[in-house]
Amino acid sequence: MAIERQDINKKSPWWGEHVYRYQTAAKYIRPGNNVLDIACGNGYGTSLLHELAKCNVTGADISEETILLCRKHFEATGVKFEILNAAQLPYDDNTFDAIVSFGTIEHSNDYAKIVAELCRVAKKNAAILISTPNTKIVSPKGIVENPFHLKEFTYDELHKLLSSVFSDFQIYGQKYNRYSKKTF
């Protein structure tokens, strides 16, 4: 599994941030909804979303190795996993009631195609939750330091990308405390 993905067998400072996003997403999903978790990584969040929202979730990732591990650990009634490319989704238009895509678009040069695909496969009025790091916070020197990130976005860049596809959207920030300096 790529180092950038959460390892379900290791503790890391990323877990709180990871779980919080899925807990927040669950608030936008109704029981029985058909949900896509694109770039699902280790599958823990996909399973958690199913548990919290009582929905049917398809976890998808481009990595075959990752999906095989997801199936082994988390596949169950209402939770399935697929090997997919987020820029070329094999679903009909208007398929999903909600979509989550956490930490995805910064890993691809096809980020505009990914966002357009998410919009295409979402039903009208679907909740689509996308997270991506703000480059001014994670790479404040102006140099992308994460070797897995191909493109990090400023607020204005993300706004421009989203407005090219969505007519109605909101951008929220998440400032996880690991980015804050501790004062004693």
Side-chain angles (χ1 to χ4, degrees), residues 1-8 10 12-22 24-25 35-49 57-71 73-74 81-91 96 98-122 127-166 169 171-176 178-179:
M1 186 175 314
I3 295 169
E4 180 77 352
R5 290 184 173 88
Q6 295 279 89
D7 186 334
I8 60 172
K10 293 182 182 176
S12 89
W14 300 97
W15 273 105
E17 192 172 337
H18 186 67
V19 169
Y20 176 78
R21 289 183 186 140
Y22 282 96
T24 300
V35 180
L36 176 63
D37 180 7
I38 195 71
C40 67
N42 69 28
Y44 176 81
T46 308
S47 179
L48 180 63
L49 194 57
V57 188
T58 299
D61 202 283
I62 200 165
S63 166
E64 180 178 3
E65 175 189 7
T66 297
I67 292 300
L68 292 174
L69 287 170
C70 290
R71 288 175 179 160
H73 293 286
F74 297 110
F81 295 94
E82 305 277 338
I83 303 163
L84 298 176
N85 180 338
Q88 299 174 331
L89 297 173
Y91 302 110
F96 294 98
I99 299 173
V100 296
S101 178
F102 298 146
T104 308
I105 62 174
E106 67 273 12
H107 294 274
S108 176
N109 287 321
D110 288 332
Y111 50 85
K113 286 182 182 179
I114 292 170
V115 172
E117 278 292 274
L118 299 181
C119 182
R120 182 186 67 76
V121 301
I128 302 173
L129 293 97
I130 299 169
S131 73
T132 189
N134 183 330
T135 194
K136 291 188 176 189
I137 294 172
V138 298
S139 299
K141 296 176 186 171
I143 299 168
V144 175
E145 296 179 16
N146 186 320
F148 298 102
H149 292 181
L150 301 178
K151 169 69 175 153
E152 291 178 352
F153 298 84
T154 64
Y155 175 92
D156 291 338
E157 290 169 333
L158 181 61
H159 190 278
K160 183 178 179 181
L161 172 63
L162 297 176
S163 66
S164 73
V165 176
F166 302 108
F169 63 91
I171 297 176
Y172 297 96
Q174 176 186 350
K175 187 173 182 184
Y176 189 60
R178 103 182 125 77
Y179 295 127

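In this chain, numbering begins with 1 at the start of the sequence shown.
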Ion pair check, K160 and E157, cut-off under 4.0 Å = no
Is the ring centre of F153 less than 6.0 Å from the ring centre of H159?
-> no
What about the rings of Y22 and Y44, do their centers lie closer together than 6.0 Å?
-> no
Using a 4.5 Å cut-off on heavy atoms from C-beta on, say whether the side chain of [Y] contacts that of [X].
| X | Y | value |
| --- | --- | --- |
| C70 | T46 | no |
| I114 | I38 | no |
| I130 | L158 | no |
| L36 | L89 | yes |
| I62 | H107 | no |
| F81 | T66 | no |
| R71 | L68 | yes |

Does K151 NZ have over 12 foreign heavy atoms under 6.0 Å away?
-> yes
Where is the tightest heavy-atom contact between V138 and P140, given as atom of each residue plus distance?
-> C-CD, 3.4 Å
Minimum-distance pair of heavy atoms, taken over all atoms of D61 and C40 | OD2-N, 3.6 Å
Taking the inter-plane angle between the rings of Y91 and F96 on a 0 to 90° scale, is it parallel (under 30°), tilted (30 to 60°) or perpendicular (over 60°)?
-> perpendicular
Show your working on side chain to side chain contact (heavy atoms under 4.5 Å, CB included) between Y111 and T132 and close with a plain yes or no.
-> CA-CA 11 Å; Y111 50 85; T132 189; over 6 Å; no
